[in-house]
J.: 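Okay, handing you the structure first.
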Amino acid sequence: MSVNPQFMISLFQIIIFLLSAILHEYGHAWMALRLGDDTAERAGRLTLNPLVHLDMFGSLLLPGMLILTGSPVIFGYAKPVPINLNNLRGGLTGQAKVALAGPAANFFLAITAALAIRYLAGGLNSGWGGLLALVVVINLVLMIFNLLPIPPLDGSKILATILPESWRYPYLSTERWGFFVLLAIMLTWPQLLRYPINWLLGLLL
């Protein structure tokens with residue numbers, strides 16, 4: 001029985017997306033613990049076990065539907081890691097470090113995959129090179145997407161640290177509309193992510 005190559009590529013994309021999203025959340029939990037907040041650790045989130053991080057809709061259904069339908073825009077999310085700001089050293093600065101740790105984990109994985117393509121897989125034209133290129137792309141997408149300054153994404157928590165206090169809380173309180181804003185942007189202006197991702201791909205590959 002032959003296997004559809006496109007199906008295998010789509011399946012690989014979903015698996016890599018899930019693993020990358022899990023590493024992203026682990027990065028948040030790890031940094032929070034280093035800064036004095038063990039909330040995520042006590043909740044069992046300081047682990048690479050995928051079962052504790054997955055969100056049925058955001059981690060499976062949403063990215064799966066986008067990938068299988070050939071959408072040019074692929075995004076999703078895992079369960080947010082619980083953070084207690086009162087326990088973090090540095091207050092809002094500590095929160096920004098925790099927020100940045102998730103995208104940084106994705107960038108680390110993208111760099112690792114790019115180095116594997118160059119030194120282990122025999123380049124982009126090899127079979128393994130092509131699959132590892134998906135690892136690079138998916139992790140760059142996750143990194144750039146999460147750095148968008150739209151609540152509740154990580155970028156909003158980073159931006160909040162430099163906003164005047166009178167602006168900070170009204171800005172963060174728009175979180176309930178964030179999903180709809182993101183969906184509208186991704187569907188109408190996908191090049192918002194494409195330009196920085198292509199630039200980074202040029203550097204890494």
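Keep in mind that this is a model prediction, so the values were computed, not measured. Starting from 1, each residue takes its place in the sequence as its number.
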J.: In the hydrophobic cluster built from side-chain contacts under 4.5 Å, what are the other members alongside Ile162?
T.: Leu159, Leu163, Trp167, Tyr171, Leu172
J.: Of all residues at least two apart in sequence or in a different chain, which pass the side-chain contact (heavy atoms from CB on, under 4.5 Å) check with Asp55?
T.: Phe57, Ser59, Tyr77, Lys79
J.: What are the two closest heavy atoms between Gly178 and Pro152, and how far apart are they?
T.: CA-CD, 4.5 Å
J.: Does any part of the side chain of Ser156, heavy atoms only, come nearer than 4.5 Å to the side chain of Ile150, both counted from C-beta?
T.: no
J.: List for me each residue that meets side-chain contact (heavy atoms from CB on, under 4.5 Å) alongside Arg42, sequence neighbours excluded, and say none if there are none.
T.: Asp38, Thr39
J.: Going hydrophobic residue to hydrophobic residue with side-chain gaps under 4.5 angstrom, can you get from Leu51 over to Val81?
T.: no
J.: Report yes if the side chains of Val141 and Phe17 come closer than 4.5 Å at any heavy-atom pair, otherwise no.
T.: no
J.: Tell me, please, which residues at least two apart from Thr47 pass side-chain contact (heavy atoms from CB on, under 4.5 Å).
T.: Asn49, Val52, His53
J.: Can you list, pair by pair, the side-chain donor-acceptor contacts under 3.5 Å of residues 86-103, counting residues two or more places apart and other chains?
T.:
from  : atom 1 : to    : atom 2 : distance (Å)
Asn87 : ND2    : Asp37 : OD1    : 3.2
Arg89 : NH2    : Arg34 : O      : 2.3

J.: Determine whether Ile14 and Leu18 satisfy the following criterion, side chain to side chain contact (heavy atoms under 4.5 Å, CB included), listing intermediate values before the conclusion.
T.: CA-CA 6 Å; Ile14 293 172; Leu18 293 177; 4.2 Å; yes
J.: Donor-acceptor pairs are to be reported for all side-chain atoms of residues 105-134 against protein atoms at under 3.5 Å, with residues two or more places apart or in another chain.
T.:
from   : atom 1 : to     : atom 2 : distance (Å)
Asn106 : OD1    : His24  : ND1    : 2.8
Asn106 : ND2    : Ser20  : O      : 3.1
Asn106 : ND2    : Asn139 : OD1    : 3.0
Thr112 : OG1    : Phe108 : O      : 2.8
Ser126 : OG     : Ala121 : O      : 2.6
Ser126 : OG     : Gly123 : O      : 2.9
Ser126 : OG     : Gly129 : N      : 2.9

J.: Got a sec, which pairs hit salt bridge (charged side-chain N to carboxylate O under 4.0 Å, His left out) with one end in residues 146-175, sequence neighbours left out?
T.: none
J.: How long is the straight-line distance from NE2 of His28 back to CG of Leu23, given to the nearest 0.5 Å?
T.: 10.5 Å
J.: Do Leu203 and Leu147 sit in the same hydrophobic cluster, where Ile, Leu, Val, Met, Phe, Trp and Tyr count as joined when their side-chain heavy atoms come under 4.5 Å apart?
T.: yes
J.: Are Leu140 and Leu204 close enough that some pair of their side-chain heavy atoms sits under 4.5 Å apart?
T.: yes
